[in-house]
2 protein chains.
Amino acid sequence: MNKKLNPASCAVDYAFQRIGGKYKGRIIWYLNDNNILRYGELRRIVQGITPKMLTQTLRELEEDGLVLRTVHHEVPPRVEYSLTETGKELLPFINHLRVWGEKQMKLEGDTCY
Amino acid sequence: MNKKLNPASCAVDYAFQRIGGKYKGRIIWYLNDNNILRYGELRRIVQGITPKMLTQTLRELEEDGLVLRTVHHEVPPRVEYSLTETGKELLPFINHLRVWGEKQMKLEGDTCY
DNA sequence: CTGCATCCCGTCTGATACTG
DNA sequence: CAGTATCAGACGGGATGCAG
């Protein structure tokens, strides 16, 4: 478990500490269900992320038991990431959030960016 | 709309930008459904928040159209906060997250903090 | 290919004090 | 009561270079 978590004042607080952050939601979502992605694939898919942040975020997700990291000892090395059962339980939530986000983005039109 | 939003790479990214942050989830949750809370009430309920952060977060939620701010011109002043329809649409998801959080907290036991 | 080490900077967050 | 002002520190995040 991620030691950096602060004492949570309630379950909502706790949950946001665990999946908050700039990239965690997207990474979990891209890893949806039985999708297995390699480090390099994630780097391409999660637009704008730097290697450092990708590694750091994946480590936190791993510590938190949401993501499984599998190292294949080959040359060149291959590292695959997938969701744990606990991580998969978050998918419905993120999916609903995504649907909400899409709706909101349409309502905005071009006036925002 | 909050001008600080960055161009979103996808709807998940977008949604997390809008409800991410240290206190937004909790504030929305405490403002559930037809709950109307005053500034001082929120300050007590959202444990650990400072006046500055509470004001700042409420302003962002207001700019983002998730929270409604109603000023009653009285002495002493009274300002009430409630969810907009858009904000209410987020409640099921936050509740889902809360349930997940509660489950996880139980699994952890006392080993974490 | 998959990372880690380092340096650096801007933003976010907090403590404290003050005001209409 | 409902904030604002100011200061300072912590932290997130990016750029670059190196390693197994």
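Proteins come first, then strands; the chains are lettered A, B, ... in the order of their sequence lines, and each starts at number 1. Quick caveat: nothing in here was measured; it's all calculated off a predicted structure.
- Each of A/Thr50 and B/Tyr39 was matched to the nucleotide of DNA chain D holding its nearest heavy atom; the match closer to the 5' end belongs to B/Tyr39.
- For B/Tyr23, whose side chain is taken as the heavy atoms from C-beta onward, the closest listed nucleotide among D/dT4, C/dT13, C/dC1 is C/dT13.
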request  = Quick one: the dot-bracket string of DNA chain D, using Watson-Crick and G-U wobble pairs with both distances under 3.5 Å, [ ] for crossing pairs and | for bases paired to another strand.
outcome  = ||||||||||||||||||||
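- Salt-bridge annotation for A/Glu60 and A/Arg18: absent, with no side-chain N of the basic residue lying under 4.0 Å from a carboxylate O of the acidic one.
- Listed by chain and number, the residues in a salt bridge (charged side-chain N to carboxylate O under 4.0 Å, His left out) with A/Lys52 amount to none (sequence neighbours excluded).
- Under 4.0 Å is where a charged nitrogen must lie from a carboxylate oxygen, and between A/Arg69 and A/Glu80 no such pair does.
- Mapping A/Pro77 and B/Gly21 onto DNA chain C via the closest heavy atom, the residue that lands nearer the 5' end is A/Pro77.
- Taking atom CZ of B/Arg38 as the reference point, atom P of D/dG3 lies 10 Å away to the nearest angstrom.
- Partners of A/Glu41 under the salt bridge (charged side-chain N to carboxylate O under 4.0 Å, His left out) rule, at least two apart in sequence or in another chain, do not exist in this structure.
- Salt bridge annotation for A/Arg59-A/Glu63: absent, with no cationic side-chain nitrogen under 4.0 angstrom from a carboxylate oxygen.
- Ring geometry, B/Phe16 versus A/Phe93: the interplanar angle exceeds 60°, so the pair is classed perpendicular (tilted spans 30 to 60°).
- Between A/Glu60 atom CD and D/dG12 atom C1' the separation is 10 Å, expressed in whole Å.
- Candidate nucleotides C/dC4, D/dG3, C/dG14 were compared by shortest atom distance to the side chain of B/Lys22, and C/dG14 ranks first.
- Rounded to whole angstrom, the span from the NZ atom of A/Lys52 across to the P atom of C/dT2 amounts to 20 Å.
- A close approach under 4.0 Å does not occur between any side-chain nitrogen or oxygen of B/Arg59 and OP1 or OP2 of D/dA2.
- Nucleotide D/dG13 holds its C1' atom 18 Å from the CD atom of A/Gln47, rounded to whole Å.
- With hydrogens and angles disregarded, no donor-acceptor distance shorter than 3.5 Å links the side chain of A/Asn35 to the backbone of A/Ser82.
- A/Arg43 has its CZ atom 10 Å from the P atom of C/dG3, to the nearest Å.
- Rounded to an integer number of Å, the gap from NE2 of B/His73 to C1' of C/dG20 is 13 Å.
- When the P atom of D/dG3 is taken as reference, atom CZ of B/Arg44 falls 14 Å away, rounded to whole Å.
- Side-chain N/O atoms of B/Tyr81 include one lying less than 4.0 angstrom from OP1 or OP2 on D/dG3.
- Comparing A/Thr55 and B/Met53 by the nucleotide of DNA chain C that holds the closest heavy atom to each, the one mapping nearer the 5' end is A/Thr55.
- Taking atom CD1 on A/Ile49 and atom C1' on D/dG12, their separation rounds to 12 Å, with Å as the unit.
- Comparing C/dC1, C/dC4, C/dG14 by their closest approach to the side chain of A/Pro76 singles out C/dC1.
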